[in-house]
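Take a look at the structure set out below.
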Amino acid sequence: MSGSLATSSTGAPAQGAAPATSQSDAWSAWWLLGGYAAIVAVFAAAWIWRAIPERDYPLVLGTMATAIVTNASCAIVGCYLVLRRMSLLGDAISHSVLPGIAIAFFLTGQISGLAIIAGAMALGVLTSVLSHSLHWFGKVSEDSSLGVVYTTLFALGVILLQSFASGTHLDADCALYGQIDFVGLDRVPVFGLELPRALLTQGVVLLVTVLIVGLLWKELKIVSFDPALAAAMGFRVLAIHYVLMAMVAGISVAAFESVGSVLVVAMLVIPPAAAHMMSDRLRHMLGWAVVFGATSAVIGYMAAFETNTTAAGMMAVVAAVQLGGAVLLSPQHGLVSRWLRNWKLSLRIASEDVIGQLYRVEEARAERRVDAEAEAFVRPQLRSLLERFAWWRVKRRGLTELNSEGQIGLTTAGREEARGLIRAHRLWESYLQTHFALPHDHLHEPAERMEHFIDPQLRDELDAELADRTVDPHGKKIPRDPQTDQQQA
Amino acid sequence: MMLPYNTLVVLSGVGLLGASAGLVGAFAVLRKRSLTGDALAHAALPGLCIAFLLLGERNLTAMLLGALASGVLGNMVIAALVRWTRVKEDAAIGTVLGGFFGLGVVLVTGIQHMSSTGSKAGLDSYILGKTAGMTAGDVYLILAASVACLAVVLLLFKEFKLIAFDGDFARSLGWPVYGLDLLLMTLVAVAVVIGLPAVGVVLMAALLIMPAAAARFWTERLGRMLALSGAFGLAIGVIGTSISATFAVMPAGPIIVLTGTAFFLVSMLAGTKRGVVAQSLRHRKFRRDLAERRLLRAALEVSKLSGNATFTRDDLRQRFVTTSAELERALDDAIRHGAIEPCSSGTYRLSSEGKLRAVEIARGHRLWEALLVEYPELASSVADLGSVSITPHVPSEVVEDLTARLRAAGEWPELAP
């Protein structure tokens, strides 16, 4: 999988970032994902070794494996739902398959097997078709039409179950909560191993899911990210949509017996939402979703065992907690890292402002005048926390020092850096004046913001564009590039 | 007929419940938040359980307060996820629904294992609902909650109206849209929470959505929609409960939902404003009017070109390209309205009154054409593209200018031959 990833990221060098960087980013994403999975696996192994008597190993391992496989299928198909902003269709379908189950049960008398899955898939597609036609013909908003359709179908299902299936162990409770805690008891021998029957069913479901996603990889991808483009390119968007809906229905009903209908919703939505926080690439997102689904299964099972509660509920709770973790700690999109990035940027801007103003003070003194604004800025009163930190930081970096009169001034290194900044500022002012005809008193503000983002290359381009202007619109000298000076010297 | 006391209690309780759900559900539906109600219903479960665990006994008021608190918390989580992270609204709703409900299920099983009597504290009935156990005390609670909802809606009618129809505009006016949204969702949570014991978590969403969605077909005015939605909710509750009481095997929740579906479907077909039948009738009438107008215009041109007052069907077909069926129908309509009169065999002519109408239509048509050519920027201000004349919609100077231009070009239809 990682091999093909490397090819795909080097195969698209035109995507802006240099291919080498994106490849190493991709690798670090896989390492992070694998590392998290490995830590949870080691922890779980230690827990089983400590807490479970050896004769119960087949039971516990079988249950965990079933839960992992179930959650993995839900997570994979859930990614496409979340990307298409149709998570609630998953919610709706997982409720509305109930009449399909009831009818299939009524016809065949079995509570598992192909008939039930087929009935559920039919109802899943029907839900989507019905809510779409209510939206289309009745001009009902999409969320309302979905709400009307799935509550109706669910109510029908409850009534059908109560009328035809009362007295069997197929009841609404079972469909709602699932029975993950008991799947380990019903085992069949496979190649000399005692595996839970549910594990085999879920394994087949996962296999089919992976197969369909693999075969329709490109179609599902383009339909998820840009349905309009997909339609324009001749993909059968509607057909792919219904394939997805049928998959959701099939997976929901297969998962009923282990996690129950409401928790299917949790597993369809929460791990993919968390995965979306962690990644920007579909492959990574699928990988993360599977890892989050599987770790929810394992940690949820352990937590439920320790607290003597139901595993299915715990899995949903663990998944939600993991989403919380991803929201806070995701490297690219997490709140913490976003806050840190913002703070670092603010600090850089504040530090650059410090040396910039010191430069202006020095410049004014050398020309025997007073730059009041800059003088006010370098006065130590009224500094915010960020500014104090910025002053401390420029001093630590050796950009400022106390001069012989006990005043703060720039060191040679500081002056060099400040010169680049002031150069960017005054070049931008000149550029604005030449090209945008802004009044004089409107030039300083934008330049004050832009100066921090104009790199040396852009400065030289601006310089060339301005035909070697030496003074800015306010008549102040535009400093030369420090490196150019060195070369000339 | 005297109803038994218990039945009366249940009927009035569920009816009030339906009315308040219909009232606040109308705003949720208009704000496109219908499925948030579903999430709130699920999110209420852990609060219910925690209140039970804290008190150690079944106290309805305390448990409903707990449910309300966790419902509101769930709504705040949704809002926070949408506002500060890249999680989209649908995934945020799904997360709260699944995560909170999972926690609720964990707590329910915990309570089941804890309580030595083996009673589930009636928590199970919150999933599918049981109307039968409703007491007069419950009804008073529901009544109080409904009155509170009604009071808030009446007090903040203007504010809710604006955020329901144009949230961005409300924000640009400097209104506290997030706060109002939270208040609205709190009202939804109140309706959901008092409904939980009766119809259950899963089907509460239906009571919020269906009366409002049904009412939407009957009116374009918010005030009427609210009243109608409340009335529908009341009717759905009462009728659904009566049906389920008649067939004792059936659980009340699903029957109430199916009653709601029936209301919705009937409204969708028969609704006077947006109902499917009314809309298609209006559409058909518009097409027939349009065809008749085009026919009269064609007749005027034909008689002007030939200099002859009479014309045949074939003459008309030359100027008025359409299916023969539509031509026949338009001709019938025009004859019935007295605009065209049959002359000798197979020929027709415009009546004097028809001539007046035809000239008026032709002038309107010319003005439309000229407006689109000369003042295309004004065309968007003419809201009703189906109207015969532009005169009521654009400034009179423009109409005068266009008329003068058309006169000068000799294209202004005149009554005199």
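First the proteins, then the strands, lettered A, B, ... as listed; each starts at 1. Scope of the values below: all heavy atoms of this structure, side chains included, with no hydrogens, waters or symmetry mates.
- Using non-hydrogen atoms only and a strict 4.5 Å limit, the part of residues 259-273 of chain B facing chain A consists of B:T261, B:F264, B:M268.
- With a 4.5 angstrom heavy-atom cutoff, B:I209 touches chain A only via side-chain atoms.
- In terms of heavy-atom pairs under 4.5 angstrom with chain A, the leader among B:L35, B:L81, B:V257 is B:L35.
- The contact between B:K32 and chain A is made by backbone and side chain atoms together, counting heavy-atom distances below 4.5 Å.
- Heavy-atom distances place the side chain of A:V140, and not its backbone, under 4.5 Å from chain B.
- A:A273 and B:T95 get closest at one heavy-atom pair: CB-OG1, 4.4 Å.
- Here OG1 of B:T85 is found 7.0 Å from CG of A:L335. Values are rounded to the nearest 0.5 Å.
- Scanning all heavy atoms of the two residues, the minimum distance from A:G138 to B:F217 falls at O-CE2, 3.2 Å.
- For a residue to count as touching a neighbouring chain, one of its non-hydrogen atoms must lie under 4.5 Å from one of that chain's; by this rule A:D91 touches chain B with the side chain only.
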Counting only pairs under 3.5 Å, give me each side-chain donor-acceptor contact of residues 23-31 of chain B, with atom names and distances, residues two or more places apart or in other chains.
from	atom 1	to	atom 2	distance (Å)
B:R31	NE	B:D181	OD1	2.9
B:R31	NH1	B:I163	O	3.1
B:R31	NH2	B:D181	OD2	3.0

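- Around CZ of A:R85, the count of heavy atoms belonging to other residues, nucleotides or ligands within 6.0 Å does not exceed 12.
- Looking at B:I255, the atoms closer than 4.5 Å to chain A (heavy atoms on both sides) sit in the backbone and in the side chain alike.
- In summary, B:D90 and A:R84 do not engage in a salt bridge, as defined by a charged side-chain N under 4.0 Å from a carboxylate O.
- Pairing each heavy atom of B:S34 with each of A:S144, the nearest pair is OG-OG, 3.1 Å.
- Counting all heavy atoms, side chain and backbone alike, A:L88 lies closest to B:I93 at CD2-CG2, 3.8 Å.
- In this structure, chain B has a heavy atom under 4.5 Å from the side chain of A:H333, while its backbone stays farther away.
- Ranking A:L156, A:V269, A:D143 against chain B, the residue ahead of the rest is A:D143, based on heavy-atom pairs under 4.5 Å.
- With a 4.5 Å cut-off on non-hydrogen atoms, B:E89 does not touch chain A at all.
- Between B:G98 and A:A266, the closest heavy-atom pair is CA-CB, 3.8 Å.
- A 4.5 Å side-chain heavy-atom check between A:M277 and B:V87 finds at least one atom pair inside the cut-off.
- The distance from the CZ atom of A:R338 to the CZ atom of B:R86 is 10.0 Å, given to the nearest 0.5 Å.
- The number of heavy-atom neighbours closer than 6.0 Å to CD of A:E142, taken from other residues, nucleotides and ligands shown, is 12 or below.
- Distance check, rounded to the nearest 0.5 Å: OG1 of A:T151 to CG of B:D38 gives 8.5 Å.
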